[in-house]
Amino acid sequence: MRVLVVGGAGYIGSHVCRALAARGDEPIVFDNFCSGHRHAVKWGELVEGDIRNPADIARALSVHSPDAVMHFAANIEVGSGETQPLDFWDNNVGGVINLLKEMQAANCRTLVFSSTCATYGIPETVPMTEDEPQAPINVYGRTKLAVETMLSDLARCGHIDYAALRYFNACGASPDGDIGEEHDPETHLIPNALKAAAGLGGKMKLFGTDYPTRDGTCIRDYIHVVDLADVHLRALDHLIAGRGSFACNVGTGDGFTVREVLDAIARVTGRPVPFEEHPRRAGDPPVLSANTARAKSLLGFEPQHSSIDEIVADAWRFHQKVWAAELAELANQEQMEIA
Ligand code: UDP
């Protein structure tokens with residue numbers, strides 16, 4: 001199968017390209033490199049373009065005639081959505097409208113879409129099923145929900161087949177340390193905590209210690225990016241087999257507090273995470289975890305790599321590579337101080 005991977009140079013998109021290529025499918029990366037990385041384009045051809053420019057999408061579709069599209073290219077940093085809402089609506093919704101129009105013109109009707117548990121907002125019940133009311137509390141979640149609504153309308157009219165995968169907390173890296181999480185600015189817990197553990201960048205800020213959870217810090221459902229990539233392949237196969245459009249949670253069903261993640265990092269890396277406690281970060285729900293029954297029954301998906309220790313070990317291996325120069329310099333300084 002030939003699959004146009006929109007945002008294929010990004011964190012999750014590049015792992016999906018890797019997984020597609022590993023089973024003999026042909027990914028074609030479409031990316032504007034606003035946050036993706038050229039060094040993450042290792043599988044399949046590259047089309048450099050922007051979803052806000054319909055001609056770029058038309059070119060990619062006409063040159064490569066893909067069997068399906070997977071869409072990852074989106075503004076994801078929740079805080080920026082609150083200050084730059086129009087950018088989010090333009091890229092996350094306007095960009096998808098362009099993509100869908102060009103797909104229709106090219107007679108390509110299969111789309112796997114990156115959605116998010118942020119479409120639920122603050123859940124009434126955890127673990128959350130897909131029937132949890134979708135009431136997002138930020139611009140990011142609202143743009144993703146808008147696309148889900150649009151996709152469901154198009155599917156109902158028989159124009160497309162789609163999967164909306166509602167990710168929980170994507171993390172980890174490829175086990176060979178080749179590709180991983182590299183956001184700028186980095187806002188996610190595990191890379192920030194690893195950086196602090198490595199002695200780079202000072203203490204990690206721990207946001208919120210007064211949540212109604214077992215140790216006062218937020219609980220999240222952390223899923224390894226390799227497992228996440230596997231779900232995309234399963235979703236694609238489901239759609240291509242004509243088994244119908246769907247939305248589904250992608251998580252593990254387990255939840256860890258921030259303090260438990262920090263403990264795992266200390267255990268796996270042998271380095272405690274220096275941190276300081278801060279007030280709650282705006283918009284963080286206390287607990288998010290997935291009811292995973294639908295992913296299992298519909299796609300046969302069960303996470304294989306998402307133990308917290310495996311997640312941390314893979315992320316640590318990757319980041320040690322990325323930070324090799326800084327770590328070497330730090331080791332030098334320590335040597336000099338000892339001498
Ligand atoms: N968090 C933290 N310090 C950081 C980054 C995150 O304490 O530097 C907390 C955050 O408040 C939340 C959890 O870690 O409770 C997971 O946050 P992350 O940004 O990784 O994912 P989110 O669930 O917001 O998508």
Side-chain angles (χ1 to χ4, degrees), residues 10-12 35 72 74-82 88 92 114-123 126-128 132 136-145 165-173 180-198 200-225 228 249-266 272-290 306 308 311-312 314-316 319:
Y11 175 41
I12 301 170
S35 58
F72 299 92
N75 294 31
I76 59 160
E77 210 269 287
V78 172
S80 313
E82 303 307 301
F88 272 58
N92 294 6
S114 297
S115 190
T116 165
C117 65
T119 59
Y120 295 117
I122 298 177
V126 282
M128 298 124 88
E132 181 70 26
I137 57 165
N138 51 45
V139 172
Y140 169 61
R142 281 192 287 275
T143 59
K144 289 288 180 176
L145 178 57
L165 301 178
R166 295 180 190 152
Y167 310 156
F168 282 66
N169 288 60
C171 47
E181 193 168 8
E182 285 179 275
H183 298 120
D184 185 20
E186 187 53 81
T187 60
H188 292 115
L189 175 63
I190 293 177
N192 281 349
L194 285 172
K195 194 162 200 172
L200 305 169
K203 290 183 181 168
M204 193 205 84
K205 293 180 176 169
L206 194 168
F207 298 121
T209 54
D210 60 347
Y211 286 100
T213 59
R214 49 187 176 262
D215 64 18
T217 64
C218 286
I219 294 179
R220 293 290 180 272
D221 183 333
Y222 295 92
I223 179 149
H224 197 299
V225 67
L228 204 45
N249 289 338
V250 188
T252 65
D254 277 340
F256 293 92
T257 68
V258 175
R259 291 189 201 280
E260 287 164 353
V261 172
L262 302 188
D263 289 346
I265 289 178
V273 180
F275 66 91
E276 54 194 19
E277 297 184 359
H278 282 253
R280 294 180 179 198
R281 192 171 67 174
D284 275 343
V287 183
L288 294 175
S289 72
S306 293
I308 193 71
I311 286 170
V312 169
D314 287 346
W316 178 229
H319 279 107

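Counting starts at 1 for both ligands and their atoms, following the listed order.
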Participant: For the pair Lys144 (side chain) and Ser114 (backbone), establish whether a donor and an acceptor sit closer than 3.5 Å, ignoring hydrogens and angles.
Facilitator: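 Pair found, side chain donor or acceptor close to backbone of Ser114.
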
Participant: Mark yes or no for whether Thr116, through its side chain, and Thr119, through its backbone, hold a donor-acceptor pair below 3.5 Å.
Facilitator: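 Pair absent, no side-chain N/O of Thr116 close to backbone of Thr119.
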
Participant: So, is the end of the Arg220 side chain (NZ or CZ) under 6.0 Å from the ring centre of Phe256 and within 45° of the ring's axis?
Facilitator: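 Verdict for Phe256: no cation-pi partner in Arg220.
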
Participant: Would you say Ile190 has any N or O atom under 3.5 Å from an N or O of ligand 1, going by distance alone?
Facilitator: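 No, no N or O pair falls under 3.5 Å.
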
Participant: Which protein heavy atom lies closest to atom 22 (P) of ligand 1, and at what distance to 0.1 Å?
Facilitator: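 Ranking protein heavy atoms by distance from atom 22 (P) of ligand 1, first comes Asn169 ND2, 3.5 Å.
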
Participant: Can you report which non-hydrogen protein atom sits closest to atom 19 (O) of ligand 1, along with the distance?
Facilitator: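 Here the nearest protein heavy atom works out to Arg281 NH2, 3.0 Å.
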
Participant: For Asp221 and Tyr167, which I'm curious about, is there any donor-acceptor pair between the side chains at under 3.5 Å?
Facilitator: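 Absent: no donor and acceptor within the cut-off.
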
Participant: Measure across Ala170 and Ile12 and return the closest heavy-atom pair with its distance rounded to 0.1 Å.
Facilitator: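 Taking Ala170 first and Ile12 second, the nearest heavy atoms are CB-CD1, 3.9 Å.
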
Participant: Give the numbers and elements of all ligand 1 atoms closer than 4.0 Å to a heavy atom of Leu206.
Facilitator: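 Once the distances to Leu206 are compared, the set is 7 (O).
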
Participant: Measure from the side-chain N and O atoms of Arg280 to the backbone N and O of Asp210, and report whether any donor-acceptor pair falls under 3.5 Å.
Facilitator: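 Side chain of Arg280 to backbone of Asp210: a pair is present.
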
Participant: Is a side-chain donor or acceptor of Asn249 paired with a backbone partner of Gly251 at a separation under 3.5 angstrom?
Facilitator: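 Answer holds: no.
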
Participant: Under 3.5 Å, is there a donor-acceptor pair linking the side chains of Thr252 and Asp254?
Facilitator: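 Short answer, no.
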
Participant: Report yes if Arg220 has an N/O atom closer than 3.5 Å to an N/O atom of ligand 1; otherwise report no.
Facilitator: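 Yes; the residue has a nitrogen or oxygen that sits under 3.5 Å from a nitrogen or oxygen of the ligand.
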
Participant: Specify the protein heavy atom at minimum distance from atom 5 (C) of ligand 1: its residue, its atom name, and the distance to 0.1 Å.
Facilitator: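 Of every protein heavy atom, Thr187 O, 3.2 Å lies nearest to atom 5 (C) of ligand 1.
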
Participant: Can you tell me which residue and heavy atom of the protein come closest to atom 3 (N) of ligand 1, and the distance to 0.1 Å?
Facilitator: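 Result for atom 3 (N) of ligand 1: Lys205 O, 2.7 Å.
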
Participant: Starting from the C-alpha separation in whole Å, work towards a yes-or-no answer on salt bridge (Lys or Arg N to Asp or Glu O under 4.0 Å) for Arg214 and Glu260.
Facilitator: CA-CA 10 Å; Arg214 49 187 176 262; Glu260 287 164 353; 2.7 Å; yes

Participant: Give me the nearest non-hydrogen protein atom to atom 9 (C) of ligand 1 as residue plus atom name, then the distance to 0.1 Å.
Facilitator: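 The protein heavy atom lying closest is Val258 CG2, 3.9 Å.
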
Participant: Go through ligand 1 atom by atom and flag the ones less than 4.0 Å from a non-hydrogen atom of Tyr222.
Facilitator: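 Numbered from 1, ligand 1 contributes 16 (C).
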
Participant: Below 4.0 angstrom from a heavy atom of Cys218, which ligand 1 atoms are there? Numbered from 1 as shown, please.
Facilitator: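 Going through ligand 1 atom by atom, the ones under 4.0 Å from Cys218 are 15 (O).
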
Participant: Return the closest protein heavy atom for atom 11 (O) of ligand 1 as residue, atom name and distance.
Facilitator: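 Protein heavy atom with the smallest distance to atom 11 (O) of ligand 1: Asp284 OD2, 2.6 Å.
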
Participant: What is the nearest protein non-hydrogen atom to atom 7 (O) of ligand 1, stated with its residue, atom name and distance?
Facilitator: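 Heavy-atom neighbour on the protein nearest atom 7 (O) of ligand 1: Phe207 N, 2.9 Å.
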
Participant: Which residue holds the protein heavy atom closest to atom 8 (O) of ligand 1, what is that atom called, and what is the gap in Å?
Facilitator: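 Looking at atom 8 (O) of ligand 1, the protein heavy atom closest to it is Asn192 ND2, 3.1 Å.
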
